[in-house]
Each structure stands twice: as C-alpha cells, then as structure tokens.
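First up is the structure itself, then whatever we jot down about it.
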2 protein chains.
Amino acid sequence: MDIRRFISGIFLFHSFTEKEIDLLEASASLKKVHKGEQIFSEGLDATAFFVVVSGKVKIFKLSPDGKEHTLHIHSPGDLVAEAAIFDSMLYPASCVALEDATLLRISREGFLSIIKRHPDLALKMMSGYSRRLRQFVAKIEELSLKDMKARLASYLLEHSTVENGVTICNLKYSKKELSALLGTIPETLSRTLAFLKQNNLIIEKNNAIIIPDPDKLRIFSL
Amino acid sequence: MDIRRFISGIFLFHSFTEKEIDLLEASASLKKVHKGEQIFSEGLDATAFFVVVSGKVKIFKLSPDGKEHTLHIHSPGDLVAEAAIFDSMLYPASCVALEDATLLRISREGFLSIIKRHPDLALKMMSGYSRRLRQFVAKIEELSLKDMKARLASYLLEHSTVENGVTICNLKYSKKELSALLGTIPETLSRTLAFLKQNNLIIEKNNAIIIPDPDKLRIFSL
DNA sequence: CACACACCTTGACTTAAGTCAAGGACACCT
DNA sequence: AGGTGTCCTTGACTTAAGTCAAGGTGTGTG
C-alpha cells in the first residue's frame, strides 16, 4: 500500500505540496490490525490519531461492570481520535477493530508541527468537527428523549437506500454491535425488531431490512 | 458596556491588532435578553454565534411531546453555537436565557471572513472543540451507562469545592434545571437527593449540598 | 464431519425511572 | 397583606427496558 497515494486522497491534505506530503509521510505509518485487536484505550496518552484505510473500527466507552456503549463506528476514509491531540492529550474512549483493518497512524508531534505551519488545515478540520458535534448532539437527544422503537426506526431510515423502488437498509454490523451503537442490549434490540415486524413496519431478509412504507415508519422515529 | 474591551478580553482574540478588532467589532453587537427569552431555535439558519457577557443561557433539545434535555448551560466567557457556522449552517439545538443576560453576537459572515485571514484562529479554537467533544462523550457515557444515583453523585463531586475543610457544592441552578441537565425529571431528582440524604452521603443546606465524605460518595459515582 | 463457541431469540421476572396527582413552600405581583 | 403561579416533594401506580436463563442457529476449527 502506497502511503503517499493514500495521504493525497485525504480531503484534509488536498492542497499539500510534494514537500509537505513528504513531511507528513515522515510522521505517518501504516498499522494493520486483526479483528478484535485494541487500537488504543481510554485514558492513555494520545500520541497519534488515525485514518481508516480499510476495515471498520469502533469507538466505545466501557463501564466498570463491563457494560459497553459504542460512540461511533468508523469506516474507510474516516478520521479517528483527531480531537484528542489538541487538548488534554488523553484518549477519551477506546478503539477496537470490528474486522481486520488497516489504519494510517499520524503522530501527534508530527501533525502539530505541520498544522502550525498550515493553520488553514485547522480551518478545514472545523467542518469535520462541526459534523461530529452534531452527531453527538443527535445521539444525546436519542438517549435522553427517545425510546428504543424510535431510535431503531431512526437508524433504519437514516441508513436505508432505495433499490429498484424498494427502501432497504443493509445491516453493516452484527446485531450485537448495532445494539451497543443504539444504546441497548441484544435482547431489547431483538424485541424491538420483532415489534416492528409484527406491525408490518419492516421485513427482515437475510442481513437486510426492507421498509415497505418509510413514511409510516417515520412516525415511529419521532 | 464597551464591546471592544470585552472582545479584547476573549482568549480567541488576544493576538488581534487594533485594526482587526475594528473589523471584528463591525461584525459584532450586544444583545440583551430577559429571563426565559429565546436566543435561537433548533433548525433555524445559524447567522451568528455568541459569547456570554453576563447571565446564564441553556442549550437544549425538545421532543415533540414537550420533554426537554439540557445539553449545556453557558456562563460568562463561554462561546455559544460557534460550531454551527462551519457546516450545515443550522443551529442543532435551541438556546434560552436562564436569567437576564447580555450576549455578544458575532455574525457568521463577518467571522468567516476574519478567520479566512486568520486561520490560526481556527487552530486556537481546536482545543475548545476538543473540550466540548469530551464533555459530550462524558454525557453520552452517563446517559447510557450510569443510573441516576451515579450521575448525581458525579455532578455533585465535580462541582464541589472545599471551603474551610468542608466539601460543598453550591447549586447554581434551580432543581428543575438541574434535572433537565442530568437527563431526568424533577421527581426523580428529588428522590435521588432524598436517597443520598438518607444514606448520610449528603447534607442539604439552603442552596448548597455538603458532602461529608467525598470518597464515600465517589463510590456511588462510578 | 463433529465439536466448541458466539450470537441471536424468547420467556419469566425484576428494577429503575417515568406518569399522574396532590399538597406545601416560596417568590412575585398588585 | 393577599392572591397567583411556579417549583418542589411525596405517594401511588405504570411502563420501558434490563437481568437471567435456556434453546436454537451459524461459524470456524481440527
């Protein structure tokens, strides 16, 4: 895998000159991880941030009694933990590979020295931050103001596409992971899916959910 | 109130020249609001962000059936809704004054043109963003992984100071507001306070909570 | 192919916390 | 001072969702 080519493809670095890409490349390395492998743990020194090259990783919080909440699942192209390098310098959550993955690791020191010479980089990062804040606001809203039916309905609608006139949501993660992402346990996810099925709001087919009437399901998402 | 003097006191603008402060001042105005007055609503065009000069404002989400969740309460010196001007351009939540307040309003257009000439501003803003993200991660953790006792215990410990060898948390908001901030209803907050009182973990005195044994209360905050 | 393990579903049961109601306390206004 | 409205507390009751357990299914390994 050509690091330079991958770096050039990242939106953040589009305006970099060859020399600047050299500098960044010197601060970067590829990290291959296997499914289940820990990439970093909450509370540890944030020596780097990452960009997902392939595979999927999840960011999550663990409670003392072993319960887990997934903050985000990152796919190829996503930045991971970039906020941690600007303040406090500790990772605020943990990161694990959901499947075999490759990550571009960019060291904090290298990146901070580059961004000081390219503060316009920071301006470019602002919209990414803004989007991340909005995602978190939406998650807080769901956890505090919506029940499981509404959360699941919202998830299904937001992650569905229209294929041959049929609205369909292909499940990209296991149900166990989906339940952790939606803030519940697998039992409750099963029950909520069953409720939606029994009320003819969804049809489950292999690893996909067909939504016969998206407008009807939308009523449940509020 | 001297806008220029206030602007100069904001960390973000410390390195501005007189001329630059002129430009910023031209994009700014003071906004006086009364207790309960709406400053902006979720979904509206984000034409400006704000800095709290005096008083307190809350950022909150409302559900269709009138339930409310407070995302943050801002005090003098805090930036409000600055993220909204970088992406999407809509306010992701609403803002209301908790008491009579004065806000510095900075127009989006003015600020964006200034930041394009001062991208180092964006770099300065990154640590503020990083802190905001951490706050949201902590809130999500509490809503998903902690019960009300733990949440309240955490809040009391984090907002307490030691006065004359006594750990004391002065309540800065009404209990109604505190319950919305902690993600519950007033009844549950009352009950949880009563539980902590009956177990000798807190003593309630006027508008303050005395914590006789912080280490003991900390066990409940996990 | 057989076995082990993890995931998923379902049932019984429990619990945290919300809903509804009412009374008391307090603050504000006339 | 009296009246009104809001907040706060408490009780009775309900509900959403978690805990625990067990069985079925699917996947991976030897």
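Remember, it's a predicted structure, so these values are computed and weren't measured experimentally. When reading the values below, keep in mind they use all heavy atoms of this one structure, side chains included, and skip hydrogens, waters and symmetry mates.
Side-chain contact check for T47(A) and D45(A): no donor-acceptor pair (N or O, by modelled atom type) lies under 3.5 Å. K61(B) and S94(B) are not linked by any side-chain donor-acceptor pair at a separation below 3.5 angstrom, with hydrogens and angles left out of the test. Side-chain polar atoms of E141(B) and S144(B) form no donor-acceptor pair below 3.5 angstrom.
When atom types are taken as modelled, the side chain of S63(A) and the backbone of K67(A) share a donor-acceptor pair closer than 3.5 angstrom.
Screening K58(A), K56(A), K35(A) for a salt bridge (Lys or Arg N to Asp or Glu O under 4.0 Å) with E177(A), the sole residue that qualifies is K58(A).
Distance, L193(A) CG to dT9(C) P: 7 Å, rounded to whole Å. Straight-line distance from the CG atom of L189(A) to the C1' atom of dT9(C): 11 Å, rounded to whole Å.
Sorted by residue number, the members of residues 169-184 of chain B with any non-hydrogen atom under 4.0 Å from DNA chain D read S174(B), K175(B), K176(B).
Taking a heavy-atom distance under 4.0 Å as the criterion, the stretch of DNA chain D touched by chain B extends 5' to 3' from dC7(D) to dA12(D).
Remark: Y173(A) pairs with no residue by the ring-ring contact (aromatic ring centres under 6.0 Å, His included) rule, at least two apart or across chains.
The aromatic rings of Y155(B) and H159(B) sit parallel to each other, their planes meeting at less than 30°, with 60° as the upper class boundary. The aromatic rings of F111(A) and F49(A) stand perpendicular to each other, their planes meeting at an angle above 60°, with 30° marking the opposite boundary.
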